[in-house]
Amino acid sequence: MAERPVAPTALALVLETDTGSTVLSPGHDYQVGRDPLSDIVFDDARVSWHHAVLHCDHDRWTLEDARSTNGTYADGLRVTAWEVRPGSVIRFGNPDDGPRLVPVAPQESAERPSAVSHPELTGTFRSPSSVRPLPRHTVRIGRADTNDLVVDDLTVSRHHAELRADADGGREIVDLGSHNGTYLNGRPVDRAPVRPGDIIGIGHITYCLVGDELRAYLDTGEVSLDVQDLTVTADRGSRTLLDHVSFPVGEKCLLAVVGPSGSGKSTLLNALTGQRPADHGTVLYDGRDLYHDYAELRGRIGLVPQDDLLHPQLTVRAALTYAAELRFPEDTAKAERRDRVDEVIRELGLEQRAGQPVHSLSGGQRKRVSVALELLTKPSLLFLDEPTSGLDPGMDRSVMHMLRGLADDGRTVVVVTHSVLSLGVCDRLLVLAPGGRIAYYGHPDDALAFFGFEQWPEAFEAFDRDQDRDWAGEYLDSPFHRHYVTEATTQPRHPDSAPIAPAPPPRPRSRHAQLATLVRRYTAVLAADRTFLAVMIALPFLMGAMDRALAGGRLTQDTAMNALLILCVGGVLTGAANAVRELVKERAVYRRERAVGLPRGAYLMSKIVVLGTVTVVQAVVLTQVALLGVDLDAPGGHGVLLPPLAEITLAVALLSFTAMMLGLLVSALVRKEEVTMPLLVLLAIVQVVFCGALLPLHGVPVLQQLSWLVPSRWAFGAMASTVGLARLVPGELTADPLFRHSTGVWLLDLAMLPVLSVVYGVLVARLLRRHEPAVMRK
């Protein structure tokens, strides 16, 4: 709604209701009625849908009846326009017992620093869920019953934080090593002083210190979203993806976003969720700047991307249970997590599917499981990207009605979709035109008539056909824009905040617990994949059997070179094949889990621990099958430091592990899973060429330096050093200094494999960062 000029003397207005108090800021109009999207909502049949309007006219507040059916009453008299006076009783629908408002004296509102210091709290139109006087001693906050302030929220740790009194009479907030962090004015803190009016965020609850009182504001899910002038450009500003997009989304609203391809729907979704903040503009989460306070508010936002966020090998219950372990504090009891998982399974109607593997579900059922995963932490905002893509009309309708139910239960739901079959169940419809501008925002039933078409296909054809038509300009000049955007926007204009880099979330205190959960989940995923298990078990036996047949009973001049080469190839293939698909196929899962706080290091380390263990076991089996009982004919009958078989087994194990790390590097580099197999073949060929068994490398410029980056070069050198390959196969090729039978050479060959593994690991971590939400990159 357009802002009215306000004199400097205008004061905030505090209205007391039967359920609490509401703070109104001057310069904005406030709707009163039965409409859930009103600013002040009365669920009473005697109150009209749009009953009255409160607005500030210069230095005074005025109440205007909006032609209501049963009337508006001030001190028992029916009024159409009335100057608001402190102490009067305003009733709606009935002069005796209708819902009431009582204006509080202006000087009392001026004493409320939470309203004055932090306008975002006034933007919520919430009364405190609790107000308590603060004692002088320390106040402990957490989920356990032994705390002074008990928070019934599974995202809060049992002993989360303390509000301590200092010697000067002030207060400070101290985080107690919580799982999801403690926030002061939207920023994560470990210890910080708290001034009057500061906002303390813990889980879904916000505290504000007002004098000697601590006021708590519980985020129940009924929140609004105000989008102000979002602009996103690409190619260094030469191409506009979103062009000054502004609209409000009310509480418990289901908003559908449609538009032709290339109109900026996914870009808008990324901007609204903070995945990729807009270049200009602001997103207000119930009056709070989402980009500025993203570290705190990210936990209240659920996002279901187009790709499923699930491991298809796991059952529905197992997938949700592992997600609950990752998102809830480690001190959450197993029974608490199980109860929450059962609750979301019932809410989404998945009771009959809870024991089924995800891959056996239909497309609509899998989408329900993805939504259930996001609902574990009770998000207030839920965003979905193309949830009905690929579904038949019946499943399309089922999913949209599910979203309607989720909004009715007390959430704000935004769905980006290409389907127009079930737009009628939505409260609001946003149509984006090519170029990322708003072509329509309002009730879905009025959209086609506004465009002048009878069917949606005609409208979408017109977007492509009439590219010179000013779709956005027509909407800006229409009464729909005035009613649904200008008059419905209640939040004040905020300064452009997108360039402000949000603070990263606090360093997780439960890294080891999350790593343990990730390891167990990944192990369960691999164990459930029978094809992968069969290949992992068979590959070392097959490669080892071939090598054993080639080596015979004794390494000789004719067999030694090829036997060691096949061991190198086998070690490389077992390690790289295990890992080359593991990161790229889980990219969507990783992006989402990283956005909700999963440490990058814990995720990568879980892959290394599980795959590394499997790979080393395979390497040991491969070597034992290939060489057990073979006379290795090492110089003097023994290896450099250990028995020859032990030294070769160690070299192959380190080679396989390093190749596994190289496979992870390839998996982090590629964009599609389909290209990993050709790259695996190329990787094996490179290892063979640069291992030193086929062509001389020592002293050859460029080739020698390139070979230092190839794991098989060092592993083959270590094995050649063990068996004294230069003695068995004399010649220019085996005169390589890395093949000498000496302690220093053998240790250097082996040491280079862990060094390469560390180098590959650092590169993988850097590449993982590229695939994270932009707002999470440090």
To check you understand the geometry: which heavy-atom pair defines the closest contact between [X] and [Y], and what is its length?
X	Y	answer
C426	L254	CB-O, 3.5 Å
D385	S266	OD2-OG, 3.9 Å
R592	I301	NH2-O, 2.9 Å
V194	I173	CG2-N, 3.6 Å
L350	A372	CD1-CB, 4.3 Å
R276	V232	NH1-CG1, 3.7 Å

Any donor and acceptor pair, going by atom type alone, linking the side chain of [X] with main-chain N or O of [Y] inside 3.5 Å?
X	Y	result
T182	I202	no
R337	T332	yes
Y603	L598	no
T412	V223	yes
K265	G436	no
Y484	R428	no
R300	P379	no
H160	G181	yes
R158	G142	no
E336	A333	yes

State, with a plain yes or no, whether a side-chain heavy atom of [X] is found less than 4.5 Å away from one of [Y].
X	Y	value
V174	D190	no
V416	L268	no
L225	L284	no
Y207	I199	no
R143	H159	no
Q31	I40	no
L176	R140	yes
N147	I141	no

Between the side chains of [X] and [Y], is a donor N or O closer than 3.5 angstrom to an acceptor N or O?
X	Y	value
D286	S224	yes
D153	H204	yes
S178	D175	yes

Scan L432, V249, V257, V227 and name whichever one has a side-chain contact (heavy atoms from CB on, under 4.5 Å) with Y441.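 So, applying the side-chain contact (heavy atoms from CB on, under 4.5 Å) to Y441 and each of L432, V249, V257, V227, only V249 qualifies.
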
Go through the steps for D229 and S246 under the test side-chain hydrogen bond (donor to acceptor under 3.5 Å, both in side chains), then give the verdict. CA-CA 5 Å; D229 290 330; S246 300; 3.1 Å; yes

For [Y], is there an ion pair with [X] - N to carboxylate O distance below 4.0 angstrom?
X	Y	answer
R591	D307	no
R288	D293	yes
D243	R437	yes
D342	R317	yes
R411	E347	yes
K378	D219	no

Starting from the C-alpha separation in whole Å, work towards a yes-or-no answer on side-chain hydrogen bond (donor to acceptor under 3.5 Å, both in side chains) for S380 and Y285. CA-CA 10 Å; S380 302; Y285 174 102; 3.3 Å; yes

Could you go through E330 and E325, starting from their C-alpha distance and side-chain angles, then the distance that decides it, and tell me whether this counts as side chain to side chain contact (heavy atoms under 4.5 Å, CB included)? CA-CA 7 Å; E330 59 187 290; E325 288 189 43; over 6 Å; no

Hey, what do you get for [atom1] ([X]) to [atom2] ([Y]), rounding to the nearest 0.5 Å?
X	Y	atom1	atom2	result
R195	L184	CZ	CG	7.5 Å
Y294	H292	OH	NE2	15.5 Å
L303	L309	CG	CG	7.5 Å
H481	Y440	NE2	OH	12.5 Å
I205	L149	CD1	CG	8.0 Å
I200	L163	CD1	CG	5.0 Å

Show your working on side chain to side chain contact (heavy atoms under 4.5 Å, CB included) between I345 and L320 and close with a plain yes or no. CA-CA 9 Å; I345 285 176; L320 295 178; 3.7 Å; yes

Criterion salt bridge (charged side-chain N to carboxylate O under 4.0 Å, His left out) against E593, the qualifying member of R521, R600, R587: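 Exactly one candidate clears the test, R521.
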
Exactly one of H179, Q514, E374 should register a side chain to side chain donor-acceptor pair (under 3.5 Å) with R327. Which one does?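 When H179, Q514, E374 are each tested with R327, the side chain to side chain donor-acceptor pair (under 3.5 Å) holds only for E374.
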
Output, in order, the C-alpha distance, side-chain angles, deciding distance and verdict of side chain to side chain contact (heavy atoms under 4.5 Å, CB included) for N180 and S157. CA-CA 8 Å; N180 288 314; S157 298; over 6 Å; no

Crowding at CE, M605 (>12 non-hydrogen neighbours, <6.0 Å):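 No.
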
Let's go through M400 and V415 carefully: what are the C-alpha distance in whole Å and the side-chain angles of both, what is the deciding distance for side chain to side chain contact (heavy atoms under 4.5 Å, CB included) to 0.1 Å, and is it a yes or a no? CA-CA 9 Å; M400 292 301 292; V415 52; 4.2 Å; yes

